[in-house]
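First the proteins, then the strands, lettered A, B, ... as listed; each starts at 1.
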Amino acid sequence: MYEPKIIGFLCNWCSYRGADTAGMARMKYPPNVKIIRVPCSGRISPELVLRTFREGADGVMVLGCHIGDCHYSTGNHRTAKRMPVLKKLLEYSGIESERLYINWVSAAEGEKFATVIKDFTEQISALPPFVETMK
Amino acid sequence: MSDRLSSLRETIEKILPDVDGVIALRTGPGGIVAPYLFSKEHPGELAELALWPKEPVPDTLKIILRAHPDAKLAIVCRGCEERGIVEMFKHAQFSLENVTLIGLQCDQQEVESCQCFKPFTVHAKLTVGQPVEGVRDPLMAKVMAMSQPEKLAFWKEEFSHCIKCYGCRNICPQCFCNICALEDEKWVETGRLPMPNPSMYHMVRAMHMTAKCVGCHECEETCPADIPMAVQFRLIARDVKEMFNYEPGAVMDQKPPQLLVLEEGEYENTGLPH
Amino acid sequence: MIEYKNVLTTCPYCGTGCALHLQVLDEKLVGVLPAKNHVVSEGGLCIKGWNAHAFVNHADRLTKPLVRRNGKLEEATWDEALTLVAQKLGEVKTQSGPDSVAILTSAKCTNEENYLLQKFARAVIGTNNIDHCARL
């Protein structure tokens, strides 16, 4: 059993606050996710996700505000448009598309945050290490 | 002289006096074909008009219009080239106000050699030749039928041949950015061949071709390593059609989805959680 | 009147001999296109060929010879520069013998130019010290 390395890109206004909420409520979730705070989930370009994989991440998660709640009104529309396509591209390239995870977590949803992290970590643990598959 | 060639010549001769030039293919020394701007000053040159092989003429149009924005031009374009021109127009590369499109319909033999899905023009007012049906690309089905490890092995093998000539990007009518992500050390590292996996170059390019690739196969044709990279673009194009109901080059006044916010009902098609 | 044409030529960078088109707009070189139905390259080019036009109008390209005077490079005429080179080469040859001169030629020269250079090395200078940058 290996410990998967997961990078989580969290939007500053909702998901990062959601992580705070989970922390303040002392909820337990696996420590595999390294969190990177970004101004908006729309900031996450496909290049960033691919580079993260290239650097050895086993899974990448992008969490943003719910559609309609974006601090920049339509920033997460970009995420909702580009990430599904990137998932498809991963699939067509022979990379498990489950390695990329997109969800919406608001500042109040500490519990959802903990569940999302737990489920995703379990999901990635079931896959072989990404670097191994690329050899 | 084939029928299509002579009727194309007639069409050009008719329009030539009214425009500053007509972009079409010309046979040069040794029978080598290249794009050329025919002008009314030298109508005799039309004797060297050529049809095949197809060349990236949308790029030629861009080069000329960048230097002469007000020029009145006509361009002979096939279905794929017309789609390329329309997409470039939508992305504000040039204005089509003074441009006349002359649609050249591909014949059966050309369709077979390109495995083109839509070998005819839809916007051009002037057309030459009879439109024929497109064919389904067998490689798309082949890739889709592979299992995930097979796909990975297939692309690893194909991309290991890449010599990073950047030819696919250079020849692509949709690669017109002034600053290219593929030249950025952050995304594509220099000095490593074969490229490490996953191939950042090809995956970034595939993402950038989303809702842009018009299926002209120029990238595959110019690739010295014969990498069938456009299969990925076409597979993604299929998904974009399903998710955002957008087909590059098909409708003149439909904006590309990457320039728009989500519209009613689109989110449901993306497969993202609610 | 707008003029756009493609001039068929051979890639100057190596011995493969890929064909390429130089795109010329209004007498100015603007880009490169591969030659699709050419027997050698069949529409392909490597990164050097794709950028074969880049140096032609580049700002860094030397268009006049420079001669170093008092530690500074100054523009000179071709006659001046070539006379200086001939004089210095002659000096080196008489002082230290012909084998103290070596000539390195280039893949970017044509076959004929390379022939002339080896002729120059052997017949004028009198040395076999001639080599080529693409001798792999």
**Message:** Please classify the contact of C:His21 with chain B as side chain, backbone, both or neither, using a heavy-atom distance under 4.5 Å.
**Reply:** side chain
**Asked** Relative to chain C, which segment of B:Ile32 carries a heavy atom at a distance below 4.5 Å: side chain, backbone, both, or neither?
**Response** both
**Asked** By a 4.5 Å heavy-atom criterion (distance strictly below it), what part of C:Asn51 contacts chain B: side chain, backbone, both, or neither?
**Response** neither
**B:Lys164, part contacting chain C, at a heavy-atom distance under 4.5 Å** = backbone
**Message:** Can you tell me which of B:Pro224, B:Pro53, B:Gly21 forms the most heavy-atom pairs within a distance under 4.5 Å of chain C?
**Reply:** B:Pro53
**Asked** What distance separates C:Asn6 CG from B:Arg26 CZ, expressed to the nearest 0.5 Å?
**Response** 10.5 Å
**Prompt:** Just wondering, more than 12 heavy atoms not from B:Gln109 lying within 6.0 Å of its CD?
**Reply:** no
**Request:** Sort C:Gln23 into side chain, backbone, both or neither according to what part of it lies under 4.5 angstrom from a heavy atom of chain B.
**Result:** side chain
**Prompt:** For C:Leu45, is it the side chain, the backbone, both or neither that has a heavy atom under 4.5 Å from a heavy atom of chain B?
**Reply:** backbone
**Complete:** In terms of heavy-atom contacts, B:Thr222 and C:Pro34 come closest through OG1-CG, 3.5 Å
**Asked** Roughly how far, to the nearest 0.5 Å, is CD1 of C:Ile47 from CG of B:Asn170?
**Response** 7.5 Å
**Prompt:** What residue in B:Ala67, B:Pro29, B:Ser39, B:Pro35 has the most heavy-atom pairs under 4.5 Å with chain C?
**Reply:** B:Pro35
**Message:** Report which part of B:Ile23 has an atom under 4.5 Å of a heavy atom belonging to chain C: side chain, backbone, both, or neither.
**Reply:** neither
**Message:** Tell me whether C:Phe55 at atom CZ has more than 12 heavy atoms from other residues, nucleotides or ligands lying less than 6.0 Å away.
**Reply:** yes
**Message:** Looking at C:Gln87, I want to see if its CD is surrounded by more than 12 non-hydrogen atoms of other residues, nucleotides or ligands under 6.0 Å.
**Reply:** yes
**Item:** Max heavy-atom pair count under 4.5 Å with chain C, selected residue of B:Asp59, B:Ile64, B:Ile163, B:Asp226
**Value:** B:Ile64
**Message:** Counting only heavy atoms from other residues, nucleotides and ligands, does the tally under 6.0 Å from CG of B:Asp18 exceed 12?
**Reply:** yes
**Prompt:** With side chains defined as the heavy atoms from C-beta onward, is the minimum distance between C:Glu3 and B:His42 less than 4.5 Å?
**Reply:** no
**Prompt:** If you draw a 6.0 Å radius around NZ in C:Lys5, do more than 12 non-hydrogen atoms from other residues or ligands fall strictly inside?
**Reply:** no
**4.5 Å side-chain heavy-atom contact, C:Tyr4 and B:Leu73** = no
**Prompt:** Salt bridge check: are C:Lys36 and B:Glu55 linked by an N-O gap of less than 4.0 Å?
**Reply:** no
